[in-house]
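Contents: one structure, followed by commentary.
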Amino acid sequence: TRSVQTVTSVVMGPLGGRPSSGISNPWHGLRVRIGVHFGLGDIRKDPVTLGFDYYGTVVNTAARVEGVGHGGQTLVTEAAFNALPSEFARKCKATFTSLGPQPLRGLDAPIRLYQ
C-alpha cells in the first residue's frame, strides 16, 4: 500500500493533480506524452530475450506522433481516431480537437492528428 501511495503522489503530483486555492500551478510531477497510431505492425520473436519486437511504419509513426507532443498531451492519428467506436468519446467523456495535417519525420505525407 505504501508503494502505491508513493507512485500515486509522484505521478499525480503533491495535490493529486487537482487545483487548490492559493496555488497557481499545483502540478510539479511527471508529465508524459502519448502518441497513438493504428495499423498492423511487423512482429518478430527475439531469440535472445524470447520476447517479441515490433517493427515497421506503424511503430515508427506512433513514435513520431509521440515525439511531437508536449508533456501531458495525448496525440492520436486519424487512423486511430477512425478506429474508435462511435460511442467512445461519449462514454469516456473525452473530447478530440483536430490539429490538422502535421508533417512527421520519415513520412512522405502529413498525418492528421487529434489531441
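The structure presented is a predicted model; accordingly, all values stated were derived computationally and were not measured.
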Open item on the list: If I compare all heavy atoms of Pro101 with all of Pro110, which pair ends up nearest, and what's the gap?
Closed with: CB-CB, 3.8 Å
Open item on the list: Could you measure the distance from the CG atom of Asp53 to the NZ atom of Lys45? Nearest 0.5 Å is fine.
Closed with: 11.5 Å
Task: Side-chain hydrophobic cluster, 4.5 Å single linkage: members besides Leu40 - done: none
Task: Any residue meeting side-chain contact (heavy atoms from CB on, under 4.5 Å) with Ile43, in chain and number order, not counting sequence neighbours - done: Phe52, Tyr54
Open item on the list: To the closest 0.5 Å, what do you measure between NE2 (His70) and CG (Leu75)?
Closed with: 8.0 Å
- [ ] Using the side chain to side chain contact (heavy atoms under 4.5 Å, CB included) rule, take Val76 and Leu113 through it: C-alpha gap first, then chi angles, then the decisive distance, then the call.
- [x] CA-CA 6 Å; Val76 179; Leu113 297 180; over 6 Å; no
TODO: Could you list the residues that satisfy ring pair (Phe, Tyr, Trp, His ring centres under 6.0 Å) with Phe81, not counting sequence neighbours?
DONE: Phe96, Tyr114
Let me have the donor-acceptor pairs involving side chains of residues 58-69, under 3.5 Å, with sequence neighbours excluded, atom names and distances please.
from	atom 1	to	atom 2	distance (Å)
Asn60	ND2	Gly56	O	3.4
Thr61	OG1	Thr57	O	2.7
Arg64	NE	Arg105	O	3.1
Glu66	OE2	Arg33	NE	2.9

TODO: Tell me, please, which residues at least two apart from Ser98 pass side-chain hydrogen bond (donor to acceptor under 3.5 Å, both in side chains).
DONE: Arg112
Open item on the list: With clusters defined by side-chain heavy atoms of hydrophobic residues (ILVMFWY) lying less than 4.5 Å apart, directly or transitively, does Val36 cluster with Leu99?
Closed with: no
Open item on the list: Restricting to side-chain hydrogen bond (donor to acceptor under 3.5 Å, both in side chains), what partner residues turn up for Gln115, sequence neighbours left out?
Closed with: Gln73
